[in-house]
Amino acid sequence: MDFKNILFEVKNKIGFVTINRPDKLNALNNETLDELYYCFSAVKNDEEIDVVIITGSGEKAFVAGADISELSKLNSETAKDFSEKGQSIFKLIENLGKPVIAAVNGFALGGGCELAMACSIRYASEKAKFGQPEVNLGIIPGYGGTQRLARIVNTGLAAEIILTGDIIDANEALRIGLVNKVYPSDQLICKAVELAEKISAKGQIAIRLSLDAINKTDQLNLENGLSFEAKLFGDCCGTQDFKEGTSAFLEKRKPNFTGK
Ligand code: COA
């Protein structure tokens, strides 16, 4: 797949998506959002990809937000569509059916923080900075920030971050649970690849159904969530991967999962 604003390649069942507008700190303009949509739609159906790593091009930014030069032209009629378009692409990423690891290499502001939050797992470099500075522009986060930040951290911390527009560093993001791990910049991608390889070696049906169940926690109460889990657990036990995983354990060997 060839794009203008993103780079995409696949190596060893890992898809690498790099937002590539470094001169604009990888800000998400309309064209880049369209490309992300086409890229992730293709990745969703590509059986040669188990895990995706998304990062930003250049030394400075993961994504510094929605493109403010486009955003500034919105009015009350066009803005709702603008918000819903970004939200739908981030929902596609969140519900991709395979893990997406955000390797946050620099500024993750506004839409950049929202993109990272739509990913399954967030790793950050020591240089990463997070924030939802939309209030400084007279708007609220529109690509899911009010909803996902409150769920990932808590409503009090989300309120402080969103209402002040303050930028927090990687260690603070780690402390509040916004990212899972922080690494020196030159190790970030290696660590994300190690994680992706570890996940790729598992049975991919179990990976997909685990994510399905985890993603349902926002929609289901505990009782319905447990029923959903039991159903998916049953589905797993009908797979060849289940037979292979349990046999391999009992035969004291490594499993060779086929995703069937
Ligand atoms: N939209 C459009 N362009 C952006 C952008 C955005 N969200 N963020 C950065 N850029 C552009 C700048 O306009 C500048 O372009 P130019 O060289 O053509 O003037 C280039 O990227 C470099 O940014 P600059 O501001 O010069 O870098 P900096 O190191 O001084 O500051 C930031 C970095 C991230 C603090 C600053 O760029 C910023 O505040 N960006 C906006 C963040 C934001 O509000 N995001 C939420 C949007 S809803």
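Whatever order the structure lists ligands and atoms in, that order sets their numbers, starting from 1.
Protein non-hydrogen atoms do reach within 4.0 Å of atom 8 (N) of ligand 1. Within a 4.0 Å radius of atom 36 (C) of ligand 1, the protein contributes no heavy atom. Protein heavy atoms all stay at least 4.0 Å away from atom 39 (O) of ligand 1. Distance remark: protein heavy atom present below 4.0 angstrom from atom 2 (C) of ligand 1. In this structure, atom 23 (O) of ligand 1 has a protein heavy-atom contact shorter than 4.0 Å.
Residue D23 touches ligand 1 through its backbone alone, judged by heavy-atom distances below 4.0 Å.
Nearest protein heavy-atom contact of atom 41 (C) of ligand 1 is I68 CD1, 3.7 Å. The nearest heavy-atom contact from the protein to atom 44 (O) of ligand 1 is P133 CG, 3.5 Å.
The shortest N or O to N or O distance between A64 and ligand 1 is under 3.5 Å. Ligand 1 has a nitrogen or oxygen under 3.5 angstrom from a nitrogen or oxygen of K24. Remark: ligand 1 and I139 share no N or O pair separated by less than 3.5 Å (distance only, no angle test). Residue L71 has no N or O atom closer than 3.5 Å to an N or O atom of ligand 1.
Side-chain contact between L109 and L25 is absent, with no heavy atoms from C-beta onward closer than 4.5 Å.
Using a 4.0 Å cut-off between charged side-chain N and carboxylate O, D81 and K85 make no salt bridge. A salt bridge does not link K202 with D241: every distance from a Lys NZ or Arg NE/NH1/NH2 to an Asp or Glu carboxylate oxygen is 4.0 Å or more. The pair R151-D218 meets the salt-bridge criterion, with a side-chain N (NZ, NE, NH1 or NH2) lying under 4.0 Å from an Asp/Glu carboxylate O. One finds a salt bridge joining K127 and E59 here, because a Lys/Arg side-chain nitrogen approaches an Asp/Glu carboxylate oxygen to under 4.0 Å. Ionic pairing of E94 and K91 is not present here: no N-O contact between side-chain nitrogen and carboxylate oxygen is shorter than 4.0 angstrom.
A cation-pi arrangement is present between K216 and F228 under the rule of less than 6.0 angstrom and at most 45 degrees off the ring axis.
Between F8 and F3, the gap from one ring centroid to the other reaches at least 6.0 Å.
If you number the atoms of ligand 1 from 1 as listed, the ones under 4.0 Å from a heavy atom of K60 come out as 27 (O), 28 (P), 29 (O). For ligand 1, the atoms lying closer than 4.0 Å to a non-hydrogen atom of L109 are 34 (C), 42 (C).
In the candidate list I167, D67, N26, L25, L25 is nearest to atom 32 (C) of ligand 1, counting heavy atoms.
With no hydrogens or angles considered, a side-chain donor-acceptor pair links T32 and N29 at under 3.5 Å.
In Q219, the CD atom is crowded: over 12 heavy atoms of neighbouring residues, nucleotides or ligands sit closer than 6.0 Å.
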